[in-house]
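Notes follow the structure.
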Amino acid sequence: MMIEINARAFPMIIDPAILSLSLTTLAAGALLGGGAYETRVVDPIWPRRIDIVQPRHGGMSRARFWIPAHIVFEVLLILSLVLTWESAQVRTWLLVSLASHAAMRIWSAFDFIPKALGFERGEAAAVSEESIKDWVRRSKWRLPLDWATCGALLVALSQAGSAS
């Protein structure tokens with residue numbers, strides 16, 4: 001049995017704004033997934049085994065994921081804003097997403113990243129387990145900002161889809 005599809009009945013038109021919003025939402029989901037993975041899998045272990053986050057001792061390099069993932073997401077978010085600026089509903093939710101992401105990135109830049117780099121570069125004996133546990137406890141509070149970013153993007157995508 002063969003199924004024929006009428007090309008005129010199902011035009012394959014890809015709206016650049018919808019595509020950009022879809023990719024931005026997907027990238028935000030990857031950031032949320034990465035944060036959840038670190039919170040649930042890595043963070044419970046590394047306070048007792050700091051070598052897990054020290055690449056020079058065979059541990060994971062978190063920068064290999066986080067740097068490209070954030071660059072891709074932020075470029076896509078800016079592109080989505082540019083492509084949908086005319087739609088006030090979509091723009092509002094994208095700006096909410098931008099604000100929650102910016103809050104998380106600024107907090108990370110001034111607090112979490114410098115300390116994480118210190119842990120990764122430091123000698124195991126020079127870093128206290130308590131300072132690592134404090135970092136891990138506070139780091140969990142970044143996830144709600146990632147959830148807000150993803151949620152706002154899903155609403156923006158929904159608004160853009162219903163408008164087209």
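Since this is a predicted model, take the numbers as computed values, not measurements.
- Using a 4.5 Å cut-off between side-chain heavy atoms of Ile, Leu, Val, Met, Phe, Trp and Tyr, with links allowed through other members, L98 and L94 fall into the same hydrophobic cluster.
- In terms of modelled atom types and a separation under 3.5 Å, the side chain of S131 and the main chain of S128 share a donor-acceptor contact.
- Looking only at side-chain heavy atoms (C-beta outward), H57 and I50 stay at 4.5 Å or farther from each other.
- Remark: R91 engages no residue in a side chain to side chain donor-acceptor pair (under 3.5 Å) (not counting sequence neighbours).
- Of the inter-residue distances, the one linking L83 atom CG with L79 atom CG reads 4.5 Å to the nearest 0.5 angstrom.
- Cluster partners of L143 are L32, W147, counting Ile, Leu, Val, Met, Phe, Trp and Tyr whose side-chain heavy atoms approach within less than 4.5 Å, directly or via other members.
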| said: Does R137 form a salt bridge (charged side-chain N to carboxylate O under 4.0 Å, His left out) with E130? I'd like the steps, not just the answer. | reply: CA-CA 10 Å; R137 272 190 297 275; E130 195 51 44; 3.1 Å; yes
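- Under the salt bridge (charged side-chain N to carboxylate O under 4.0 Å, His left out) criterion, K140 pairs with no residue at all, not counting sequence neighbours.
- With sequence neighbours excluded, the residues that form a ring pair (Phe, Tyr, Trp, His ring centres under 6.0 Å) with W46 are F119, W135.
- A continuous path of Ile, Leu, Val, Met, Phe, Trp and Tyr side chains, each step under 4.5 Å between heavy atoms, connects W85 with L77, placing both in one hydrophobic cluster.
- Contact check for D111 versus R138: side-chain heavy atoms found under the 4.5 Å cut-off.
- The closest side-chain heavy-atom distance from V155 to V96 is not below 4.5 Å.
- Taking all atoms of both residues into account, the shortest heavy-atom contact from A156 to L21 is O-CD1, 4.1 Å.
- Listed here is the closest heavy atom pair of V53 and P55: O-CD, 3.4 Å.
- Atom-to-atom distance recorded for C150:SG and L26:CG is 10.0 Å, nearest 0.5 angstrom.
- In the hydrophobic cluster analysis, where Ile, Leu, Val, Met, Phe, Trp and Tyr join through side-chain heavy atoms closer than 4.5 angstrom, V41 is grouped together with W141.
- For the atom pair CG of L154 and CD of Q159, the computed distance is 12.0 Å after rounding to the nearest 0.5 Å.
- Between E74 and H101 there is a side-chain heavy-atom pair separated by less than 4.5 Å.
- With hydrogens and angles disregarded, no donor-acceptor distance shorter than 3.5 Å links the side chain of S20 to the backbone of P16.
- By the 4.5 Å heavy-atom criterion applied to side chains, F65 and M60 are not counted as neighbours.
- R142 and D146 are not joined by a salt bridge, as no carboxylate oxygen comes within less than 4.0 angstrom of a charged side-chain nitrogen.
- Note on M104: it clusters hydrophobically with V136, by side-chain heavy-atom contacts below 4.5 Å among ILVMFWY residues.
- A salt bridge links E120 with R62; the closest basic N to acidic carboxylate O contact falls under 4.0 Å.
- Within the structure, the ring-ring contact (aromatic ring centres under 6.0 Å, His included) test picks out no pair touching residues 15-45 (sequence neighbours left out).
- Residue F73 holds its CZ atom at 12.0 Å from CG of L23, rounded to the nearest 0.5 Å.
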| task | Mind running side-chain contact (heavy atoms from CB on, under 4.5 Å) on W66 and L31 for me, showing each step along the way? | result | CA-CA 8 Å; W66 290 113; L31 292 175; 3.8 Å; yes
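- One hydrophobic cluster, built from ILVMFWY side chains closer than 4.5 Å, cannot hold both L157 and V82; they sit in different ones.
- Of the possible donor and acceptor atoms, one in the side chain of S80 sits under 3.5 Å from a partner among the backbone N and O of L76.
- Residues R40 and P44 approach most closely at O-CG, 3.4 Å, considering heavy atoms.
- For the atom pair NE2 of H70 and CZ of R105, the computed distance is 4.5 Å after rounding to the nearest 0.5 Å.
- Listed by chain and number, the residues in a salt bridge (charged side-chain N to carboxylate O under 4.0 Å, His left out) with E86 amount to none (sequence neighbours excluded).
- The shortest heavy-atom contact between S100 and T149 is OG-OG1, 2.7 Å.
- Summarising the geometry, atom CD1 belonging to I113 is positioned 5.0 Å from atom OG belonging to S108; distances are rounded to the nearest 0.5 Å.
- With hydrogens and angles disregarded, a donor-acceptor distance shorter than 3.5 Å links the side chain of S22 to the backbone of I18.
- Heavy-atom neighbours of Q89 CD from other residues, nucleotides or ligands within 6.0 Å: at or below the threshold of 12.
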